[in-house]
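Notes follow once the structure below has been shown.
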Amino acid sequence: MSHEHVSNTKRIWTVFGILSVITIVEVIFGILKPEVLHMNNLLGLNLLNWLFIFLTILKAYYIVYAFMHMEGEKTSLRYAVIFPLIFLVVYLLFILLTEADYIFEVFKNGTIKWNF
């Protein structure tokens, strides 16, 4: 009736490695800022920012998947936890980008002057 203790050392190092690689890629792109990504826009935002958003969502998904132990659960439970989180993140990004664009346009058109 006793449970054997299973070492998760390999799993922890695998998760650490994957998250580290994604973070290193983000840092490299942040330092280099390739012109092809930095100067081309898609939906009002440059491609470099879209890449950062995608990689950040990917990391968040993997963190939830690994540390909430979703890999061992049924697919329906995984989707019930992951999809609302993805929807919430995308919705918050939409609000953030929409409001930031509005504020930028107000200051750009001179309705309110930059005082900082």
### Query
With the 4.5 Å side-chain cut-off for hydrophobic clustering, are V64 and F16 part of the same group?
no
#### Entry: ring-ring contact (aromatic ring centres under 6.0 Å, His included): pairs with one or both residues in residues 20-54, sequence neighbours excluded
none
### Task
Would you name the heavy atoms of E26 and K59 that are closest together and state the gap between them?
OE1-NZ, 3.0 Å
### E73 side, atom CD; I82 side, atom CD1 - distance, nearest 0.5 Å
11.0 Å
#### Entry: Nearest atoms (heavy-atom pairs only) where L42 meets L47
CB-CD2, 3.7 Å
### Query
Is it the case that one hydrophobic cluster holds both L58 and I18, taking links as side-chain heavy atoms less than 4.5 Å apart, direct or via other members?
yes
### Task
Any chance you could measure R11, atom CZ, to F67, atom CZ, to the nearest 0.5 Å?
8.0 Å
### Query
With no hydrogens and no angle check, is any side-chain donor or acceptor of N46 less than 3.5 Å from a backbone partner on N49?
yes
### Task
Is it possible for you to say whether I86 and M70 belong to one hydrophobic cluster, with membership spreading through side-chain heavy-atom contacts below 4.5 Å?
yes
### Task
Look at the side-chain heavy atoms of Ile, Leu, Val, Met, Phe, Trp and Tyr, link any pair under 4.5 Å apart, and say whether V25 and L37 land in one connected group.
yes
### Task
Please tell me if the side chains of L93 and I57 come closer than 4.5 Å, counting only heavy atoms from C-beta onward.
yes
### Query
Taking the inter-plane angle between the rings of Y61 and Y65 on a 0 to 90° scale, is it parallel (under 30°), tilted (30 to 60°) or perpendicular (over 60°)?
parallel
### Query
Hey, quick one: are L88 and L55 part of the same hydrophobic cluster, counting side-chain heavy atoms closer than 4.5 Å, chains of contacts allowed?
no
